[in-house]
There are 2 protein chains.
Amino acid sequence: MTTGRTKGPGRRERLRAETTAEIKKVALELMASGGPDAITLRAIAREMGMTANAIYGYFATRDDLVTALINDVYTALADAVDAGWASASAQGPADRIRAWAHAFRDWALANPEGFRLIYGDPVPGYRAPDGGAAPQAAHRVCTGLAGLADAAWPHVQHLYADSEFDWPDFDPGLLAKVRPAYPDLPPAAVALALRIWGHLHGLVSLEVYGHLRTQTLSPDKLFREELAMLVRSIIPSNPI
Amino acid sequence: MTTGRTKGPGRRERLRAETTAEIKKVALELMASGGPDAITLRAIAREMGMTANAIYGYFATRDDLVTALINDVYTALADAVDAGWASASAQGPADRIRAWAHAFRDWALANPEGFRLIYGDPVPGYRAPDGGAAPQAAHRVCTGLAGLADAAWPHVQHLYADSEFDWPDFDPGLLAKVRPAYPDLPPAAVALALRIWGHLHGLVSLEVYGHLRTQTLSPDKLFREELAMLVRSIIPSNPI
DNA sequence: TGCGGAAACTATACGGTGTGAAGTTTTCAT
DNA sequence: ATGAAAACTTCACACCGTATAGTTTCCGCA
């Protein structure tokens with residue numbers, strides 16, 4: 001029993017990874033129970049039986065922790081909508097849109113705090129860094145949307161006959177991700193993707209933020225009808 | 001020059017009103033420059049050459065101040081969209097929707113912090129009280145939307161022929177405000193109003209929160225095209 | 001004209017937050 | 001076994017909202 005370096009990763013790093021994961025887990029729990037503002041280093045440390053400053057060994061700053069959370073949450077969202085997409089990939093464009101939309105909404109309603117973290121004002125004064133997993137997840141979501149637009153495009157292109165959109169209208173970074181996946185996509189189809197996105201995000205964010213509760217008592221029905229309307233406007237001869 | 005009680009309101013109350021207004025003005029400036037979280041009593045007091053606690057003579061708590069700001073801002077938004085509505089009240093439903101939508105978006109882009117204050121997570125842990133000017137302004141906005149739906153209804157009702165909506169689907173408080181103004185409005189038309197609302201809020205909130213900047217470089221164009229698409233889906237034979 | 005009371009404001013204090021610097025303990029590699 | 005590095009604690013500071021008590025200023029009325 002000379003030394004203990006039996007494993008590859010090393011015991012130290014494993015403990016470190018576990019602690020890192022526990023910090024994020026506790027932070028997510030706090031966020032789920034008390035909103036994004038409940039993510040305080042001291043509360044996390046209290047929950048873990050540590051000192052607040054100990055967390056600085058794992059995250060340089062509180063914003064870094066929030067960034068890590070956003071990365072995780074955003075990736076989870078991307079996984080959810082990708083799963084929704086995959087479950088309907090063999091079906092027509094209308095079913096794909098429906099599957100994607102419901103996956104998006106279901107995830108958002110199941111993780112409202114996460115939704116706020118991604119799409120709202122997560123933590124006052126917080127600004128997302130440039131790199132990281134969050135932009136990557138965002139691009140996965142965008143690519144999913146582009147896939148919906150790509151599938152629906154043959155049915156809807158006549159509506160965009162006089163569209164004024166051109167490639168320079170869109171973010172180069174977005175196009176760099178989307179165009180390789182869907183080379184035949186015209187600029188107007190990207191606009192269609194953004195249109196679908198605007199629809200879904202609009203309704204879901206209204207619902208998540210509670211601005212719909214004061215208006216309708218059946219957000220479910222509203223969402224389904226609105227979705228049916230969107231699909232019908234894209235693929236006219238579509239059975240609801 | 002016996003005594004100074006020459007005016008009706010009284011000097012004391014006038015000074016009080018001025019100080020109250022200055023507090024709100026400074027708070028709005030802080031919010032505009034540093035986000036909603038920059039609204040701190042100490043910062044306001046610092047800016048005004050006072051002590052933070054002096055503000056407690058004007059607002060019982062920080063949330064009360066935020067509530068007052070929300071009331072003001074929400075009223076300003078309602079004024080803006082009402083003005084947009086009034087400027088096109090003599091025109092057809094398509095023009096009305098366009099005018100209302102552009103008024104809404106223009107106001108939101110001119111007052112992004114105000115938009116966040118109203119529709120986002122204004123201040124962590126903040127919960128709006130029941131009464132006050134904000135719900136009233138919200139109902140003005142809703143009534144404006146109902147007016148759009150009412151004007152467009154004859155053109156679009158065939159789309160809602162098999163609609164499943166009924167009055168119990170909607171918030172009674174909302175209906176109590178809307179139905180007296182538009183007695184002939186069927187339930188599905190309220191759904192149409194919410195549909196327009198979902199569109200506009202969705203796109204504008206994406207834009208205000210910067211989630212559109214990473215996708216399109218011409219949010220203006222996207223909004224106009226999306227609006228044209230919405231109008232076209234409501235009033236088919238409509239010149240863009 | 002003077003006075004009493006109310007209103008406006010300050011001073012002090014408490015518990016909360018993020019974060020920096022310094023010191024201590026634990027663990028690993030040699 | 002020992003030295004270095006990592007993990008963690010302690011103390012400190014500035015900031016936040018807010019409660020309490022004390023002080024100053026002003027208005028209305030006798």
Side-chain angles (χ1 to χ4, degrees), chain A residues 1-23 26-27 30-31 34-69 122-127, chain B residues 1-24 26-27 30-31 33-69 122-127:
Chain A
M1 51 171 74
T2 57
T3 74
R5 54 169 157 84
T6 54
K7 305 154 198 144
R11 191 180 105 97
R12 198 94 170 244
E13 303 171 22
R14 186 171 47 82
L15 282 179
R16 180 179 182 80
E18 281 174 8
T19 306
T20 306
E22 187 182 357
I23 290 173
V26 171
L30 287 171
M31 178 177 71
D37 57 313
I39 307 177
T40 71
L41 299 186
R42 291 180 137 96
I44 296 170
R46 214 177 296 131
E47 205 81 13
M48 295 177 63
M50 291 198 326
T51 309
N53 281 13
I55 302 179
Y56 281 88
Y58 298 88
F59 298 95
T61 182
R62 180 171 156 281
D63 274 17
D64 282 18
L65 170 57
V66 173
T67 301
L69 292 179
V123 174
Y126 171 81
R127 275 281 125 256
Chain B
M1 54 184 65
T2 56
T3 73
R5 55 169 156 80
T6 54
K7 302 151 202 148
R11 192 179 104 96
R12 199 94 171 241
E13 303 171 21
R14 187 170 47 82
L15 282 179
R16 180 178 182 80
E18 283 173 8
T19 306
T20 305
E22 189 183 356
I23 291 173
K24 293 201 283 190
V26 171
L30 287 172
M31 179 178 70
S33 70
D37 59 313
I39 307 177
T40 70
L41 299 186
R42 290 179 138 96
I44 295 171
R46 212 178 299 129
E47 204 81 12
M48 294 177 63
M50 290 196 328
T51 310
N53 281 12
I55 302 179
Y56 281 89
Y58 299 89
F59 298 96
T61 182
R62 181 170 156 281
D63 275 15
D64 282 19
L65 170 57
V66 172
T67 300
L69 291 179
V123 173
Y126 172 82
R127 276 279 126 257

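Letters A, B, ... are given to chains in the order of the sequence lines, protein chains preceding strands, and every chain is numbered from 1.
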With a cut-off of less than 4.0 Å, is there a side-chain N or O of B/Y56 near OP1 or OP2 of D/dT20?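 No, B/Y56 has no side-chain N/O under 4.0 Å of OP1/OP2 on D/dT20.
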Counting only side-chain nitrogens and oxygens, does B/R16 get under 4.0 Å of the OP1 or OP2 atom of C/dA8?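 Affirmative; the distance criterion is met.
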For [X], what residues pass the side-chain contact (heavy atoms from CB on, under 4.5 Å) criterion, not counting sequence neighbours?
X	answer
A/E22	A/V26, A/M48
B/A21	none
A/A52	A/L41, A/R42, A/A45

Which nucleotide, D/dG17, C/dC9, D/dC16, lies nearest any side-chain atom of B/A43?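 The listed nucleotide nearest to B/A43's side chain is D/dC16.
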Nearest listed nucleotide, side chain of A/A54, among D/dC8, C/dT19, C/dT10: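 Looking only at side-chain atoms, A/A54 lies closest to D/dC8.
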Please report the distance, rounded to the nearest Å, between [atom1] in [X] and [atom2] in [N].
X	N	atom1	atom2	result
B/D63	D/dA19	CG	C1'	16 Å
B/I55	C/dA7	CD1	C1'	17 Å
A/D37	D/dC16	CG	P	17 Å
B/F59	C/dA7	CZ	C1'	16 Å
A/L65	C/dT17	CG	P	14 Å
B/R62	C/dT17	CZ	C1'	13 Å
B/I23	C/dA8	CD1	C1'	11 Å
B/L41	C/dC9	CG	C1'	15 Å

Under 4.0 Å, counting only non-hydrogen atoms across every strand here, what does B/Y58 touch: a base, just sugar-phosphate, or nothing?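 Sugar-phosphate, backbone atoms only, no base.
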Any base atoms under 4.0 Å from A/T61, or only sugar-phosphate, or nothing? Heavy atoms, all strands.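 Sugar-phosphate, no base atom in range.
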Any chance you could measure [X], atom [atom1], to [Y], atom [atom2], to the nearest 0.5 Å?
X	Y	atom1	atom2	result
A/R62	A/L65	CZ	CG	8.0 Å
B/T40	B/I55	OG1	CD1	8.0 Å
B/L69	B/D63	CG	CG	11.0 Å
A/F59	A/I44	CZ	CD1	8.5 Å

Review item, nucleotides 10-15 of chain D N/O atoms under 3.5 Å of protein N/O:
residue: D/dT10; atom: O4; partner: A/N53; partner atom: ND2; Å: 2.9

